[in-house]
2 protein chains.
Amino acid sequence: MSTSNLLTRLTAALPELNKSEVKVANAILENPEAATRSSIAVLAAAASVSEPSVNRFCKRFGATGFPDFKLQLARSLVSGVKYISRAVELDDSIDTYPRKLFDNTISALMLAKESLPLPAIERVVNHLSQARRIHFFGLGTSAAVAKDAEHKFFRFNVPVSSHTDPLMQRMLAASGGVGDLFFCISHTGRTQAIIEAAELARKTEATVVSLTCEASPLATHSHVVIGLDNKENTDDYLPMTSRIVQLVVLDVLAIGVMLQRGEGFLPHLARIKASVKNTRLPDDSD
Amino acid sequence: MSTSNLLTRLTAALPELNKSEVKVANAILENPEAATRSSIAVLAAAASVSEPSVNRFCKRFGATGFPDFKLQLARSLVSGVKYISRAVELDDSIDTYPRKLFDNTISALMLAKESLPLPAIERVVNHLSQARRIHFFGLGTSAAVAKDAEHKFFRFNVPVSSHTDPLMQRMLAASGGVGDLFFCISHTGRTQAIIEAAELARKTEATVVSLTCEASPLATHSHVVIGLDNKENTDDYLPMTSRIVQLVVLDVLAIGVMLQRGEGFLPHLARIKASVKNTRLPDDSD
DNA sequence: TTTATTTTGTAATAAAACTACATTAAACTA
DNA sequence: TAGTTTAATGTAGTTTTATTACAAAATAAA
């Protein structure tokens, strides 16, 4: 399983190959796309060599055989067209910018998925499921994230609140005690109001958890940090992808708590779901 | 040569397939990586169907046959994500469920991206940028979405508010006039309070826009609808992927409005960004 | 229930890939 | 240079894999 591109490897190896192998390599490089579609016979003919020569060639490059080689080739052909976050330009039209935005969000999530701080997540899940009270703090864009978190966690039978007022946050933080969990959300980790609230809470018996960017001031004032990288070149004017990642991380935490509660807890969730039934018009399907 | 990802297409087509085809699709989605390596016989066995069934399946998805299908599959796997919605199971561990959740969200976004109602989006962008006042209405999970939208659209120099109180919503809706834009957000499109608010607003000179699921009661009471499919089998107990899609659609709308305002508007956004600078600790980088 | 239609599977056929072995070419040795 | 060894390539047969034609179920319609 080589990390580098197969086509590059092919070109690089060219001088060390023997006659027929060079022929095969050239035939492939001539039209790699076509090569992925051809049978061993067709490719052998194109390279004017015998079929076993092609087969040997494939094995030489680490494949188990010709079909496997084609698979690798197909893979390396797309890898060049991988998802790149492309900034929206002023001359973008309705046919371009919506998809660009979705792509950016998707790739942000893909990146975040790769570098998920699982140990921290696990610790936070433990804190959350043992907490006697949970306070979500966020300002600006993170206020909406905090609100969303509140909506999710209240289902776990714990008193939950979200606060966007810095004064309220300070007062609550200062009066924290054992079992209180302060969950601070900040994209930059540099918002003073939140940092101060975290500081105040740290002086009490409460637990301070933060969802923010690594090695930020807020991070240093927390017991546990879920650190997300934020190389957000795309969010120049409007904050976008970062909060989506935060939301999904909060989903992960909620599911983590749910899984800890186990099967016996599902009826409780079902009851909550049922409770909103009569605020809705009947659905055709059920 | 389809532009969209094969895995996404597979998931999307799932409801329209017949028994054995569903079996094949699931076998592939279960482990797409393995599928690219298996022979038709192995895959047929894994899906407990006959080999010709697998073959027919491949042709149905535009491939010339099984090998060609495997090639396409290999190509779609390159981006590194498993575009499969796999529900979280009770025996999932920290090593599995976080990634599953990210994958589910990613695939929801990819699906949504494929079926984006661009004409509706364009119309809504026009309404938004011409509105003299914007009111975002949402309840439950959608309340957080409405809050997020408020945070984003206030940057456009228009009075924006978000409301989660049904009474407030009704009062505002009833007093709507020319230039007022009521933006209703509801995952199901069946929440009575929101529908009633939309009805009230429709009786005024105001414009009613909704972000909800297609062909729902709320949709019928709106001037313009941005319809999102919601085959949310993954959101059984906690609403998750649907709201993320809603948020990204709102990002799209915000960007759309921004693009309409044009280059001259960017300094304004920059000023807003600068205004929060002194609430933050200095950053090392800038 | 009977009949038409669709879906699925069986078995035969065709295609593709691989292996063992033979042949040729190249390199080395005397 | 001829003989010998070694590496490279090809041939032919074998095995695996994929496809096709057709028959049997299953499903839907009458």
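Proteins get letters first, then strands, A, B, ... in listed order; numbering begins at 1 in each. Worth knowing before you read on, the calculation uses all heavy atoms, side chains too, and leaves out hydrogens, waters and symmetry mates.
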Chemist: OP1 or OP2 of C:dT6 less than 4.0 angstrom from a side-chain nitrogen or oxygen of B:N18, does that happen here?
Modeler: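 No, because none of the side-chain N or O atoms of B:N18 sits under 4.0 Å from OP1 or OP2 of C:dT6.
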
Chemist: For the side chain of A:F66, starting at C-beta, report the closest nucleotide among C:dC18, D:dA18, C:dG9.
Modeler: C:dC18

Chemist: If you round to the nearest 0.5 Å, how far is OG of B:S50 from CZ of B:R56?
Modeler: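 B:R56 CZ to B:S50 OG: 5.5 Å, rounded to 0.5 Å.
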
Chemist: Just the rounded figure in Å: distance from P of D:dA7 to CZ of A:R60.
Modeler: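 Going from A:R60 (CZ) to D:dA7 (P), I get 13 Å.
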
Chemist: For C:dC18, take OP1 and OP2 only and decide whether either is under 4.0 Å from a side-chain N or O of A:N55.
Modeler: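 It does, given that an N or O in the side chain of A:N55 lies less than 4.0 Å from OP1 or OP2 of C:dC18.
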
Chemist: Which value, rounded to the nearest 0.5 Å, describes the distance between B:H221 atom NE2 and B:R202 atom CZ?
Modeler: 8.0 Å

Chemist: Is B:K70 close enough to D:dA18 that one of its side-chain N or O atoms is under 4.0 Å from OP1 or OP2 there?
Modeler: yes

Chemist: Hydrogens and angles aside, do B:H223 and B:R123 bring a side-chain donor and acceptor to less than 3.5 Å of each other?
Modeler: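 Short answer, no.
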
Chemist: B:E16 CD to C:dT7 P: how many Å, rounded?
Modeler: 13 Å

Chemist: For A:R56 and D:dT9, give me the distance from atom CZ to atom P, rounded to whole Å.
Modeler: 8 Å

Chemist: Please state how far atom CD in A:E51 lies from atom C1' in D:dG13, giving the value in whole angstrom units.
Modeler: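 Value for this atom pair: 13 Å.
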
Chemist: Hey, does the side chain of A:K59 come within less than 4.0 Å of C:dT19's phosphate (OP1/OP2), counting only N and O?
Modeler: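 Checking C:dT19 against A:K59, a side-chain N or O does come within under 4.0 Å of OP1 or OP2.
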
Chemist: Round to a whole Å and report the spacing from CG of A:L43 to C1' of C:dC18.
Modeler: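 Taking CG of A:L43 and C1' of C:dC18, I get 15 Å after rounding.
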
Chemist: Could you go step by step and tell me if A:D148 and A:K152 meet the salt bridge (charged side-chain N to carboxylate O under 4.0 Å, His left out) rule?
Modeler: CA-CA 6 Å; A:D148 186 274; A:K152 194 155 289 126; 3.1 Å; yes

Chemist: Below 4.0 angstrom from OP1 or OP2 of C:dT8, is there any side-chain N or O of B:S50?
Modeler: no

Chemist: Between A:E21 (CD) and D:dG10 (P), how many Å, whole number?
Modeler: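 After rounding, the reported distance stands at 11 Å.
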
Chemist: Once you apply a heavy-atom cut-off of 4.0 Å, does B:K23 come out as touching a base, just sugar-phosphate, or nothing?
Modeler: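 Since no nucleic acid heavy atom lies under 4.0 Å of B:K23, the category is nothing.
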
Chemist: What integer distance in Å separates B:D68:CG from C:dA16:C1'?
Modeler: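 Nearest whole value for this atom pair: 15 Å.
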
Chemist: Output yes when at least one side-chain N/O atom of A:S53 is less than 4.0 Å from OP1 or OP2 of D:dT9, else no.
Modeler: no

Chemist: Please pick, from D:dA21, D:dT9, D:dG10, the nucleotide with the shortest atom-to-atom distance to any side-chain atom of A:P52.
Modeler: D:dG10

Chemist: Taking A:E33 first and then B:R75, would you say they form a salt bridge - that is, a charged N and a carboxylate O separated by under 4.0 Å?
Modeler: yes

Chemist: So that I can tick it off, tell me whether B:D251 and A:R243 are bridged by a salt bridge, with the cut-off set at under 4.0 angstrom between side-chain N and carboxylate O.
Modeler: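 Salt bridge between A:R243 and B:D251, a charged N being under 4.0 Å from a carboxylate O: yes.
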
Chemist: Specify the closest pair of heavy atoms between B:T191 and B:L139, including all atoms of both residues, with the distance to one decimal.
Modeler: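 So the two residues come closest at CG2-CD1, 3.9 Å.
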
Chemist: Below 4.0 angstrom from OP1 or OP2 of D:dA26, is there any side-chain N or O of B:K19?
Modeler: no

Chemist: Would you sketch DNA chain D in dot-bracket for me? Only Watson-Crick or G-U wobble pairs with both distances under 3.5 Å count, crossing pairs as [ ], other-strand pairs as |, the rest as dots.
Modeler: ||||||||||||||||||||||||||||||

